[in-house]
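Below, chain A is the first sequence line, B the second, and so on; all start at residue 1.
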Amino acid sequence: MTNADVARVFDEIADILEIKGADGFRVNSYRRVARQIDDLASDINEVAARGELAKLPGVGKSSAEKINELLETGELKMRGELLAEVPESLLELLKVPGLGPKKVALLWRERSINSLGDLKQAIEGGKLADLKGFGKKSIEQMSHGIAFLESSAGRRRLGTAWAVGTRLRELVEAMPGVRRVEHAGSLRRGCETVGDLDLLCVADDAEGTIKAFTELEDVTQVLAAGGTKGSILYQYRPRRSMQVDLRIVSEESFGAAWQYFTGSKEHNVRLRELAVKRGWSLNEYGLTEGELVIASRTEEEIYAALDLPCPPPEFREDRFEFDLKEIPTDLITREHIRGDLHMHTVASDGVNTIEEMARAAKKLGYEYICVTDHSASSAIANGLSADRLSKQIEEIHAINKRLKGVTVWAGSEVDILAGGKLDFPDELLAELDFAIASIHYGMGSDIKENTQRTLEAMQSPYINVIGHPTGRLLTRRDAMPLDIEAVAKEAARTGTALEMNSSHHRLDLKDQHARLARDCGAMICINTDAHATDQFEEIRFGIVTARRGGLLKGDVVNTQTAAQIRKFVERKRSG
DNA sequence: GCCGTTTTCGGCCCGACTGTTTTCAGTCG
């Protein structure tokens, strides 16, 4: 069982307990365990094997026993018992906006509604009319909720959310009397996927702004419209919409509101606990002691009052930020990046020429790029044969002679074949300035095989980076099973970097894995894997993910100068 | 169910919006 599998079971138990009306704090403790395991960088099986489950925060004796039982038998007695009482299909009802555990329980007990299908039928058949708490409007909202769930379930990738969020922010900024608009929520924290967008706004006319917001073009539904909060479904392209929340706050309490609505929920819970311990209270209006406002105008003031450094939004997940005495000053930023070392051109499956890529990079102020088209085995991507690669190397040398201001390196994204063998012979790889090795096929193997294959590729003196190490495609394909710790340790030993692939489809390594890799001594290379010049911009997503993992300038290969990177390559080649 | 510089019991974070239950519970973030 993977971490995600175990986490899912604990979340499911929490859902069922909630429907059963169990104590909320007990429910929460199951949720906390689920999140803890989901966030864990290391394999839960290994933590269990070391007998260290109960050392995880929020995991006590009882949860540790349940995790062990799950890992050993693949099942959980308690889960079976609960599902004997509460049908599993009931859980999908919780996903309907506006339906919580209490109402789901009522639907089930009073009307024998067990599933989404049952609910749809009941609504159409008018069977809910006389059910307590289900008025005409509630039922209407539920219908919309089901339609929304069916048409656009799930979270959006960071890149999509960023584009939609930027558009919405501009629209609100243009409204009369609006003085400030900021992103909050998971978009501001740079999460790899975003559920809904949160905008925070200072405006002269709160109600007028909410009204204008709910009347924007492409609003398909107004979920809420009060004096300080508006909530809409915004259609950003046909059949695709996102929920967007707008809150109007005062200048005086902007910091408190920004902190509050940026979250995460878990981070805020911890912060409020710290406030309560001092006899204070923290909400979206400020940090207060009775009537006295201690801090509210800026986030910095609030954290400072609690004797904490103000963590960058990317840190606020209640993972490590509360242990920090100070925030590192050399946390990775886009300004640190001197070049991009993974990109494709028309030679394989890209859309721009080498020269076009080079000129675009120069415009961004990059000192160097490395052209890394696919190798022959990636036939579907028009991978280069040995012969074509040789010619491309010559072409690059010629381009470097006439193009000033940016250095183009000859590279390759070499396929790692079954067993860890590389797609090009050493003699050819030796001609390259820099090389990435990636797995593109056969990711269905088990953790041992995948790991071994990756370790083997790193043994080559000519491989400088392992590209998109886990092969995941966000919202489409799970990461392949891989022993990140073993890979990172070997990367550190061999002088091979691990990639932080910035494509918003990948973000691979993910934040926690990048942190683990760094802690194991591995270098990280933040690349875009651009297939077109405009995709260089996606570096922002890799940077934000690296920041979430706490990576510093010194942890990242391509913050170095061209000369330093040549040394990095030479060191590995000379053993 | 978890947890402890108020430690083995008794707490456990806070407010807006909605619909409908005429005074508030449920949901959401």
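- Geometrically, A:Arg180 engages A:Phe254 in a cation-pi contact, judged by NZ or CZ lying under 6.0 Å from the ring centre and within 45° of the ring axis.
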(request) Take A:Arg270 and A:Glu317 through the test salt bridge (Lys or Arg N to Asp or Glu O under 4.0 Å) and record every step on the way to the result. (result) CA-CA 10 Å; A:Arg270 272 289 291 277; A:Glu317 300 289 347; over 6 Å; no
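- The side-chain hydrogen bond (donor to acceptor under 3.5 Å, both in side chains) test with A:Thr193 singles out one residue from A:His504, A:Arg155, A:Arg157, and that residue is A:Arg155.
- A donor-acceptor contact closer than 3.5 angstrom links the side chains of A:Arg188 and A:Thr262.
- Contact between the side-chain N/O atoms of A:Gln141 and the OP1/OP2 oxygens of B:dT18 is not found at any separation under 4.0 Å.
- Considering only the side chain of A:Ser63, B:dC2 comes nearest among B:dC2, B:dG29, B:dC12.
- Nearest to the side chain of A:Glu273, among B:dG1, B:dC12, B:dG26, sits B:dC12.
- Straight-line distance from the CG atom of A:Leu56 to the C1' atom of B:dG1: 15 Å, rounded to whole Å.
- Looking at A:His336, its side chain does come within 3.5 Å of a backbone N or O of A:Thr333 through a donor-acceptor pair.
- Using atom C1' as the reference point in both B:dC17 and B:dC12, the two lie 25 Å apart (nearest Å).
- Rounded to an integer number of Å, the gap from A:Asp198 CG to B:dA16 C1' is 14 Å.
- Taking atom CZ of residue A:Phe134 and atom C1' of nucleotide B:dT18, one finds them 14 Å apart after rounding to whole Å.
- Nucleic acid contact for A:Val276: sugar-phosphate only, since backbone atoms but no base atoms lie under 4.0 Å from a heavy atom of the residue.
- At least one cation-pi condition fails for A:Arg156 and A:Tyr236: the charged atom is not both under 6.0 angstrom from the six-membered ring centre and inside a 45 degree cone around its axis.
- Taking the C1' atoms as reference points, B:dA16 lies 30 Å from B:dG10, given to the whole Å.
- Listed candidates were B:dG1, B:dA16, B:dT27. Nearest to the side chain of A:Pro101 is B:dT27.
- Taking atom NZ on A:Lys95 and atom C1' on B:dC28, their separation rounds to 17 Å, with Å as the unit.
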(message) Counting primed atoms plus P, OP1 and OP2 as sugar-phosphate and everything else as base, spell out the protein contacts along nucleotides 5-11 of chain B at 4.0 Å heavy-atom distance: B, S or - for each nucleotide, 5' to 3'.
(response) -------
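- Straight-line distance between the C1' atoms of B:dT5 and B:dG1: roughly 24 Å, to the nearest whole Å.
- Of the two residues contacting DNA chain B, namely A:Tyr30 and A:Gln243, the nearest-nucleotide position lying further toward the 5' end is that of A:Tyr30.
- With hydrogens and angles ignored, no donor-acceptor pair closer than 3.5 Å exists between the side chain of A:Tyr285 and the base of B:dG15.
- Following rounding to the nearest Å, A:Leu53 (CG) and B:dC2 (C1') show an atom-to-atom distance of 15 Å.
- Taking atom P in both B:dC9 and B:dG15, the straight-line distance is 32 Å, to the nearest Å.
- To the nearest whole angstrom, the two C1' atoms, one in B:dT8 and one in B:dC3, are 10 Å apart.
- In the set B:dG29, B:dG1, B:dG26, B:dG26 carries the atom at the smallest distance from any side-chain atom of A:Lys102.
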(request) In sequence, state the C-alpha distance, the side-chain angles, and the governing distance for A:Asp307 and A:Arg278, and then conclude on salt bridge (Lys or Arg N to Asp or Glu O under 4.0 Å). (result) CA-CA 11 Å; A:Asp307 289 326; A:Arg278 298 179 184 223; 3.1 Å; yes
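- Where A:Leu131 and A:Ala64 meet DNA chain B, the nucleotide closest to each residue was compared, and A:Ala64 sits on the side nearer the 5' end.
- Here A:Leu271 lies out of heavy-atom contact (under 4.0 Å) with every strand.
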(request) List the steps and the verdict of salt bridge (Lys or Arg N to Asp or Glu O under 4.0 Å) for A:Arg79 and A:Glu75. (result) CA-CA 8 Å; A:Arg79 179 172 175 273; A:Glu75 280 160 38; over 6 Å; no
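- Residue contacts for A:Phe261: at a heavy-atom cut-off of 4.0 Å it reaches no nucleic acid atom on any strand shown.
- Applying side-chain contact (heavy atoms from CB on, under 4.5 Å) to A:Thr214 and the options A:Leu246, A:Val219, A:Leu223, A:Ile232 leaves one that passes, A:Ile232.
- Figure legend: A:Lys66 and A:Phe10 shown without cation-pi pairing, the cationic atom not lying both under 6.0 angstrom from the six-membered ring centre and within 45 degrees of its axis.
- Under 3.5 Å, the side chains of A:Gln243 and A:Asp245 contain a donor-acceptor pair of N or O atoms.
- A search for ring pair (Phe, Tyr, Trp, His ring centres under 6.0 Å) contacts involving A:Tyr303 returns A:His267, not counting sequence neighbours.
- If you check every strand for non-hydrogen atoms under 4.0 Å, A:Asn268 touches nothing.
- Rounding to whole angstrom units, CZ of residue A:Arg247 and P of B:dC17 are separated by 9 Å.
- Looking at residues 214-234 of chain A, you'll see A:Ala224, A:Ala225, A:Gly226, A:Gly227, A:Thr228, A:Lys229 sit with a heavy atom under 4.0 Å from some atom of DNA chain B.
- Here the side chain of A:Glu284 is nearest to one of B:dG15, B:dG29, B:dG1, namely B:dG15.
- With rounding to whole Å, A:Leu99 atom CG is found 13 Å from B:dG29 atom P.
- Residue A:Phe25 has its side chain nearest to B:dC12 when only B:dT27, B:dG29, B:dC12 are considered.
- The listed nucleotides are B:dT21, B:dG15, B:dG29; the one nearest the side chain of A:Asn283 is B:dG15.
- When both pairing distances are held under 3.5 Å, B:dC28 makes a Watson-Crick or G-U pair with B:dG15.
- Taking atom P on both nucleotides, B:dT23 is separated from B:dC28 by 25 Å, rounded to a whole Å.
- Protein atom CG of A:Leu76 is 14 Å distant from nucleotide atom C1' of B:dG1, rounded to whole Å.
- Close to B:dC14, at under 4.0 Å from its OP1 or OP2, lies a side-chain N or O of A:Ser281.
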